[in-house]
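By convention here, the first residue in the shown sequence is residue 1.
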Amino acid sequence: MDTLLIIRHAETDLAGRFCGHSDPPVNARGLRQVEKLLEALNTESIDAVYASDLSRSLATADAIGQAFDVSPVAVPGLREIGFGEWEGLGWTEIELRDPAYARQWLEAYPKLPAPGGELFEAFQSRVLAEIDRLLSVPSQRCAAVVTHGGV
């Protein structure tokens with residue numbers, strides 16, 4: 001493969017919150033972002049599209065796939081890190097729920113997961129394994145990978 005384009009999914013209504021494995025749809029602003037993304041990609045020759053299996057990534061990947069006549073492939077290993085009990089919460093809510101753990105998390109991240117969340121080492125290993133696998137596909141020249149901010 002010559003080129004791997006890593007693209008963050010379009011915006012959802014959980015923007016600014018710990019979204020992780022939550023599965024909100026792309027919002028109206030996100031749809032406009034997708035339009036601008038397609039304009040920016042118009043000089044590329046994308047021949048493969050991969051995405052996290054969450055709807056915000058798949059919606060973005062579907063638009064790219066339609067523009068380049070390629071069927072996106074869902075790859076669960078490209079999901080964002082799981083935030084456990086913090087899924088869907090904003091930082092202020094997290095601090096109010098457990099200020100001591102919130103401070104501890106800030107000081108120890110990435111070694112300390114969110115309560116009930118995925119360990120950073122497991123997340124990193126999962127994502128890097130998927131990226132290595134995608135890079136090894138010999139029949140592709142340019143692949144778009146739609147995933148998350150943490151990735």
Side-chain angles (χ1 to χ4, degrees), residues 1 3-38 40-41 46 48-68 70-137 140 142-151:
M1 178 181 314
T3 306
L4 187 68
L5 303 170
I6 308 289
I7 300 165
R8 185 172 189 250
H9 63 78
E11 185 176 302
T12 73
D13 287 341
L14 286 183
R17 296 179 166 274
F18 285 73
C19 197
H21 289 187
S22 299
D23 201 16
V26 169
N27 63 20
R29 183 172 173 187
L31 294 174
R32 291 189 300 277
Q33 291 170 344
V34 170
E35 290 173 10
K36 290 184 185 234
L37 172 65
L38 294 176
L41 293 175
I46 295 171
V49 179
Y50 301 95
S52 153
D53 63 338
L54 296 173
S55 62
R56 57 196 185 268
S57 291
L58 287 171
T60 307
D62 285 342
I64 297 168
Q66 288 177 6
F68 289 91
V70 177
S71 295
V73 176
V75 181
L78 293 172
R79 274 187 178 206
E80 178 64 278
I81 192 168
F83 287 108
E85 295 172 23
W86 289 359
E87 292 279 330
L89 299 179
W91 186 249
T92 302
E93 293 166 292
I94 290 167
E95 286 181 309
L96 289 172
R97 283 183 177 202
D98 191 345
Y101 195 86
R103 274 191 310 280
Q104 187 180 8
W105 183 82
L106 281 176
E107 292 168 5
Y109 185 81
K111 300 207 181 294
L112 184 66
E118 184 176 11
L119 293 171
F120 183 81
E121 294 81 10
F123 164 69
Q124 183 178 42
S125 177
R126 167 173 59 81
V127 170
L128 290 176
E130 289 297 347
I131 296 296
D132 284 344
R133 184 180 67 78
L134 296 177
L135 286 170
S136 70
V137 177
Q140 298 167 170
C142 179
V145 175
V146 183
T147 187
H148 307 273
V151 174

message = Nearest 0.5 angstrom please: L96 CG to L89 CG, how far?
response = 10.5 Å
request  = Specify the closest pair of heavy atoms between G88 and S22, including all atoms of both residues, with the distance to one decimal.
outcome  = N-OG, 4.1 Å
note = d(D23 CG, R56 CZ) to nearest 0.5 Å is 6.5 Å
query = Is a side-chain N or O of T147 found less than 3.5 angstrom from the main chain of L78, in a donor-acceptor match?
reply = yes
request  = Evaluate side chain to side chain contact (heavy atoms under 4.5 Å, CB included) for L106 paired with W91, printing each intermediate quantity in order.
outcome  = CA-CA 11 Å; L106 281 176; W91 186 249; 3.5 Å; yes
request  = Could you tell me which non-hydrogen atom of S57 sits nearest to which non-hydrogen atom of V146, and how far apart they are?
outcome  = O-CG1, 3.5 Å
query = Taking all atoms of both residues into account, what is the closest heavy-atom pair of V34 and A63, and its distance?
reply = CG1-CB, 3.4 Å
task = Describe, in one word, how the ring planes of W86 and W105 are oriented to each other, choosing from parallel (under 30°), tilted (30 to 60°) and perpendicular (over 60°).
result = perpendicular
inquiry  = Between E118 and R126 (salt bridge meaning N to carboxylate O under 4.0 Å), is one present in this structure?
reply    = yes
query = Taking everything shown except R29 itself, do over 12 heavy atoms lie less than 6.0 Å from its CZ?
reply = no
message = Donor-acceptor pair, distance only, cut-off 3.5 Å: does the side chain of Q33 make one with the backbone of E11?
response = yes
remark   = Closest non-hydrogen contact found for A59 with V26 is CB-CG2, 3.8 Å
inquiry  = If I take atom OG1 from residue T92 and atom CZ from residue R17, how far apart are they, to the nearest 0.5 angstrom?
reply    = 9.0 Å
message = On a heavy-atom basis, which atom in F83 and which in E87 lie closest, and how many Å separate them?
response = N-OE2, 2.7 Å
request  = Would you indicate whether the side-chain heavy atoms of Y101 and E85 approach each other to under 4.5 Å?
outcome  = no
key: Gap between atom CG of D62 and atom OG of S71 - 0.5 Å precision   = 9.0 Å
task = Quick one: pull up NZ in K111 and CD in E121 and give me the separation to the nearest 0.5 Å.
result = 6.0 Å
Residue from V145, I7, I64 passing side-chain contact (heavy atoms from CB on, under 4.5 Å) with V49 = I64
task = Please lay out, stage by stage, how F123 and R79 fare under the test side chain to side chain contact (heavy atoms under 4.5 Å, CB included).
result = CA-CA 9 Å; F123 164 69; R79 274 187 178 206; over 6 Å; no
inquiry  = Closer than 3.5 angstrom, by distance alone: can the side chain of S136 be matched with the main-chain N or O of R133 as a donor-acceptor pair?
reply    = yes
ask   = Going from CD on Q140 to CG on L135, what distance comes out if it is rounded to the nearest 0.5 angstrom?
value = 9.5 Å
inquiry  = Give me the atom names and distance for the closest heavy-atom approach of G77 to V127.
reply    = O-CG2, 3.7 Å
ask   = When you look at R32 and E35, which way does the salt bridge (charged side-chain N to carboxylate O under 4.0 Å, His left out) test go after all the steps?
value = CA-CA 5 Å; R32 291 189 300 277; E35 290 173 10; over 6 Å; no
key: pair H148-L54: side-chain heavy atoms closer than 4.5 Å   = yes
